[in-house]
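Following: one structure in structure tokens, then a few remarks.
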Amino acid sequence: MALITVGDTAPQFTLLDQDGEEVSLSDFSGERILVYFYPKAMTPGCTVQACGLRDNMSSLKSAGVQVLGISTDKPEKLSRFAEKELLNFTLLSDEDHKVCEAFGVWGEKSFMGKTYDGIHRVSFLIDGKGQVEKVFDNFKTSNHHDIVLDYVQTH
């Protein structure tokens with residue numbers, strides 16, 4: 001698993017959102033975007049992380065940042081997650097984990113003694129030209145939004 005890094009061009013993608021509509025990275029050309037990868041909708045850690053972003057969306061938007069959350073969940077599950085938690089940003093379905101692989105966040109994980117392939121919790125800030133501006137890979141689900149906000153409000 002080799003993460004894309006600062007200065008790399010972000011891999012282009014088109015995925016279905018929680019409403020079954022196609023969303024492409026190129027739709028956000030000229031804007032800063034936080035693309036955050038999370039393992040599974042409606043699990044405790046992912047819910048904490050998503051709600052932290054939800055509750056700070058006005059600060060993120062005033063810093064000029066849009067948010068895209070990506071997991072391998074089906075659009076129907078993402079829709080339930082967004083409705084249940086009143087999420088105010090787009091969730092994308094990468095069922096075949098091709099986008100996860102392109103960003104380098106798909107790989108071996110272990111949990112309770114079991115080893116399996118899955119999504120590593122990493123976020124990428126992509127600038128208006130499609131370049132990776134910052135990689136966030138050292139945070140807790142509870143402080144992810146703070147670390148992102150600290151960066152975007154000072155850069």
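The first residue of the sequence shown is numbered 1, and numbering continues consecutively from there. As the structure is a prediction and not an experimental result, all values here were calculated from the model. Computed from heavy atoms alone, side chains included, the values below leave out hydrogens, waters and symmetry copies.
Between Y38 and D73, the closest side-chain pair of non-hydrogen atoms falls below 4.5 Å. Looking only at side-chain heavy atoms (C-beta outward), E85 and R54 come within less than 4.5 Å of each other. Two residues are said to be in side-chain contact when any heavy atoms from C-beta on lie closer than 4.5 Å; V132 and L125 fail this criterion.
Heavy atoms only, all atoms of each residue included: A50 and F81 are closest at CB-CZ, 3.8 Å. Nearest heavy atom pair, residue H120 against residue E108, reads NE2-O, 3.0 Å. Counting all heavy atoms, side chain and backbone alike, S142 lies closest to V48 at CA-CG1, 3.6 Å. Scanning both residues, A102 and I4, for their nearest heavy atoms gives O-CG2, 3.6 Å. Scanning all heavy atoms of the two residues, the minimum distance from L16 to P75 falls at CB-CG, 4.1 Å. Counting all heavy atoms, side chain and backbone alike, Q49 lies closest to S123 at NE2-OG, 4.4 Å.
The backbone N or O of G52 lies less than 3.5 Å from no partner atom in the side chain of D55, so there is not a single donor-acceptor pair. Judged purely by atom type and a 3.5 angstrom limit, R121 has no side-chain atom pairing as donor or acceptor with the backbone of P39. Within the 3.5 Å criterion, the main-chain N or O of V99 finds a donor-acceptor partner in the side chain of D94. For the pair D17 (side chain) and G20 (backbone), a donor-acceptor distance under 3.5 Å is present. Formation of a donor-acceptor pair under 3.5 Å by the D127 side chain with backbone atoms of Q131 is found in this model. Between the side chain of D27 and the main chain of S24, a donor-acceptor pair closer than 3.5 Å is present. Counting only distance, with no hydrogens or angles, the side chain of D19 and the backbone of E21 share no donor-acceptor pair below 3.5 Å.
Side-chain contact check for R80 and Q18: no donor-acceptor pair (N or O, by modelled atom type) lies under 3.5 Å. Side-chain polar atoms of Y151 and E133 form a donor-acceptor pair below 3.5 angstrom. Donor-acceptor pairing under 3.5 Å is lacking for the side chains of T72 and E95.
One distance of note links NZ of K84 with SG of C51; it measures 8.5 Å at 0.5 Å rounding. Distance check, rounded to the nearest 0.5 Å: NZ of K74 to OG of S79 gives 14.5 Å. The OG atom of S62 lies 6.5 Å from the CD atom of Q153; values are rounded to the nearest 0.5 Å. For the atom pair OG (S93) and CG (L15), the distance works out to 7.0 Å, reported to the nearest 0.5 Å. Expressed to the nearest 0.5 Å, how far NE2 of H97 lies from CG of D117 amounts to 7.5 Å. Between the NZ atom in K61 and the CG atom in N56 there is a gap of 12.5 Å [rounded to 0.5 Å].
Around the CG atom of N138, the shell of radius 6.0 Å holds no more than 12 heavy atoms that belong to other residues, nucleotides or ligands. Few gaps surround OH on Y116; more than 12 heavy atoms of other groups in view lie less than 6.0 Å from it.
In this pair, F103 and F124 present their aromatic rings tilted. The plane angle is within the 30 to 60° band.
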Check against side-chain contact (heavy atoms from CB on, under 4.5 Å), V152 and L60: CA-CA 8 Å; V152 300; L60 286 162; 4.3 Å; yes
Step-by-step side-chain contact (heavy atoms from CB on, under 4.5 Å) determination, T5 to K134: CA-CA 8 Å; T5 59; K134 176 84 174 140; over 6 Å; no
Take S71 and K40 through the test side-chain contact (heavy atoms from CB on, under 4.5 Å) and record every step on the way to the result. CA-CA 6 Å; S71 72; K40 205 168 178 67; over 6 Å; no
Given side-chain contact (heavy atoms from CB on, under 4.5 Å), test T115 with K109 step by step and report yes or no. CA-CA 6 Å; T115 303; K109 298 176 71 170; over 6 Å; no
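F13 and W106 fall within a single hydrophobic cluster, where Ile, Leu, Val, Met, Phe, Trp and Tyr side chains are chained together by heavy-atom contacts under 4.5 Å. Under a hydrophobic-cluster definition in which Ile, Leu, Val, Met, Phe, Trp and Tyr are linked whenever side-chain heavy atoms come within less than 4.5 Å, directly or via other members, I119 and V135 are assigned to the same cluster. Hydrophobic clustering places Y36 together with L87 (ILVMFWY residues linked when any side-chain heavy atoms are closer than 4.5 Å, directly or through intermediates). Placement of L68 and L3 within a single hydrophobic cluster is found when ILVMFWY residues are connected by side-chain heavy-atom separations under 4.5 Å, directly or transitively. Each of V6 and F136 belongs to its own hydrophobic cluster when Ile, Leu, Val, Met, Phe, Trp and Tyr are linked at side-chain heavy-atom distances under 4.5 angstrom.
Of the options L78, L92, T90, a side-chain contact (heavy atoms from CB on, under 4.5 Å) to I70 is made by L92 and by none of the others.
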